[in-house]
Asker: 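Handing you a structure now.
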Amino acid sequence: MLEIHPKVGEVLRTLEENGHRAYAVGGCVRDIMMERHPTDWDVTTDARPERIQELFPDNFYDNAFGTVTVKTRDDDPIVRTIQITPFRIEGRYTDQRHPDEVTFAKTIEEDLSRRDFTVNAMAMSADGTLVDPYGGRDDLSAKIIRAVGDADTRITEDALRMMRAVRFATTLDFSIHDDTLRALTRHAALLERISAERIRDELTKILNAPRAMHGIQLLEDTGLLRFILPELREGVGVEQNLHHIYTVWEHNLRTMHYAAQKGYSFPVRMACLLHDVGKPRTKRGEGRHCTFYAHDAVGATMARKIMERLKYPGETVDAVVRLVRYHMFYYSVGEVTESSVRRLIANVGLEHIDDLLRLREGDRIGSGTPKAVPYKLRHLKYMIDKVSHDPISVKMLKVNGQDIMEVLGIPPGPKIGLILNTLLAEALDDPTINTRELLLKRAGELDAASAADLKSALERIEQARDSEEKERMKKYYV
Ligand code: ATP
Ligand code: MG
């Protein structure tokens, strides 16, 4: 087991030495018992807010929960601030969202009783003594998420706990205890009262976990998904054509699973999950030859609605919509021209192309095909690289023909081209000479050279172009 962070130990001891009880509590205790590094440290104590402020003068105070945030100014950012909250007990919940009142409690046990799950309801004092009245340690080793006390009561008090149960099961790789799972299934509809922002934050954590697919399946099995991503459920049981062995639902999930396994960014995962969300509404015909024309455009519109409803930031919305919109880009080696690749880059944006290819890889793997990056996709990557890099040409030089004519005082003619080519050939050998000053100086010397000498430059440039192309082909294995 990891230990209490020394800075947190210091805070706990300060409280103890001043006659108070104090504990690290909640997620941080759970995390250290699992050998994970906590993302933040919470402290709870029988000292009241005024007293905490007195003992830690460098603080700010949030009246609503009685939480005093102490500024330690430690070097370690995790403990630069530590939240100290007096033992609390919550009153009745009439809205399944917020307790009607927050009251201070006398004992740590009372405080732990208001917490959501047994593994989150443990406290630890500075000397490492564990307070665990609900069997959190046992549930931790059995990998179980179990509500503290009566599951129905705890879930109806605060419906967000349903999302939290699924989130912890997903991120910690735990299962949900039967009673708690039943309560989730029974009360799923209460999720309607929870704000989109709080649902969004939990959904994001679920998707960012390696086991995201399991999490989404759990949301579906409990009936919660209906209140989060109802559009995604339209794909359940929708069979596809001869190119697919999975239903639309399963294919969307498997595509996202690939992205989660690969550790791809949140927008890519979300886009993978939603990439075929437009298929059920565009399906025409049945059996091996059914079609889904325009499902990418319809899906993009749906994805925008979904992402906006969940209050994702505009940038994230755009990223997901863009990927869904263009995921069907056509590519066939030999058939697709450089200009169509340029058009794809113009539509999607060069900086988003890699994400689009990641989605496409997931799309393939999620269809049950063995290879993520076949020759075709490698060839596209090669083409994108090629058209997005300037070709080797005299335009790369810091001087042009006009400069040469002016400085050397010679008229337009083939000689200008020969000199520029020679400068380029030399700059390819030694890029440091590509400055206006050095090039012009060198141009003066070349002016005296014979045309035959200058002609060898073209060959050298061709060689450079050739080897650049060979490198690129090697890189993409095409
Ligand atoms: P993480 O920070 O890793 O997401 P956490 O368990 O620390 O997980 P927080 O949201 O930071 O979760 O909350 C800290 C603690 O507060 C929890 O461990 C739990 O004891 C309690 N808690 C948080 N939200 C709720 C809730 N909705 N109902 C009951 N207790 C809660
Ligand atoms: Mg936390």
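Each ligand, and each atom within it, is numbered from 1 in the order the structure gives. The structure presented is a predicted model; accordingly, all values stated were derived computationally and were not measured.
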Asker: Name the option, out of Leu112, Ile155, Leu172, Asp116, that contains the heavy atom nearest to atom 31 (C) of ligand 1.
Answerer: Asp116
Asker: Identify, for atom 18 (O) of ligand 1, the protein heavy atom at the shortest distance, and state residue, atom and that distance.
Answerer: Gly27 N, 3.1 Å
Asker: Looking only at non-hydrogen atoms, which of Arg115, Arg198, Arg164 approaches atom 13 (O) of ligand 1 most closely?
Answerer: Arg164
Asker: Of all N, O or S atoms in Asp40, which has the smallest distance to the Mg ion (ligand 2)?
Answerer: OD1
Asker: Just need the protein heavy atom nearest to atom 1 (P) of ligand 1, so name the residue and atom and give the distance.
Answerer: Arg167 NH1, 3.8 Å
Asker: Need the ligand 1 atom indices (1-based, order shown) with element for anything under 4.0 Å from a heavy-atom of Gly26.
Answerer: 18 (O)
Asker: Can you report which non-hydrogen protein atom sits closest to atom 2 (O) of ligand 1, along with the distance?
Answerer: Thr39 OG1, 3.9 Å
Asker: Students often mix this up, so state it plainly: with edges at 30° and 60°, are the rings of His379 and Tyr375 parallel, tilted or perpendicular?
Answerer: tilted
Asker: Any chance CD of Glu351 has more than 12 other-residue heavy atoms, nucleotides or ligands included, within less than 6.0 Å?
Answerer: yes
Asker: Contact between Arg30 and ligand 1, counting heavy atoms under 4.0 Å?
Answerer: yes
Asker: Are there protein heavy-atom neighbours of atom 11 (O) of ligand 1 below 4.0 Å?
Answerer: no
Asker: Identify the closest protein heavy atom to atom 14 (C) of ligand 1: which residue and atom is it, and at what distance?
Answerer: Asp42 OD2, 3.9 Å
Asker: Under 4.0 Å from a heavy atom of Asn120: which atoms of ligand 1 are those, numbered in the order shown and with their elements?
Answerer: 6 (O), 18 (O), 19 (C), 20 (O)
Asker: If the test is side chain to side chain contact (heavy atoms under 4.5 Å, CB included), which one of Val268, Val320, Leu229 qualifies with Leu273?
Answerer: Leu229
Asker: Ignoring hydrogens and geometry, is there a side-chain-to-backbone donor-acceptor pair from Arg304 to Val317 under 3.5 Å?
Answerer: no
Asker: If you count every heavy atom of other residues, nucleotides or ligands that lies below 6.0 Å from Tyr61 atom OH, does the total exceed 12?
Answerer: yes
Asker: Around atom NZ of Lys262, are there more than 12 heavy atoms from other residues, nucleotides or ligands closer than 6.0 Å?
Answerer: no
Asker: For residues Leu184 and Val166, determine if any side-chain heavy atom of one lies less than 4.5 Å from a side-chain heavy atom of the other.
Answerer: yes
Asker: Could you establish whether Asp158 and ligand 1 come within less than 4.0 Å of each other, counting only heavy atoms on the residue side?
Answerer: yes
Asker: With a cut-off of 4.0 Å, which atoms of ligand 1 are near a heavy atom of Lys205?
Answerer: 4 (O)
Asker: I need the nearest protein heavy-atom contact for atom 28 (N) of ligand 1: residue, atom name and distance, please.
Answerer: Arg161 NE, 2.7 Å
Asker: How long is the span from the CG atom in Leu380 to the CZ atom in Arg360, to the nearest 0.5 Å?
Answerer: 8.0 Å
Asker: Roughly how far, to the nearest 0.5 Å, is the CZ atom of Arg51 from the NE2 atom of His20?
Answerer: 4.0 Å
Asker: Quick one: closest heavy-atom pair of Arg325 and Asp296, and the distance?
Answerer: O-CB, 3.7 Å
Asker: Below 4.0 Å from any atom of ligand 1, is there a heavy atom belonging to Phe168?
Answerer: yes
Asker: If we only consider heavy atoms of Arg154, is any one of them less than 4.0 Å away from an atom in ligand 1?
Answerer: no
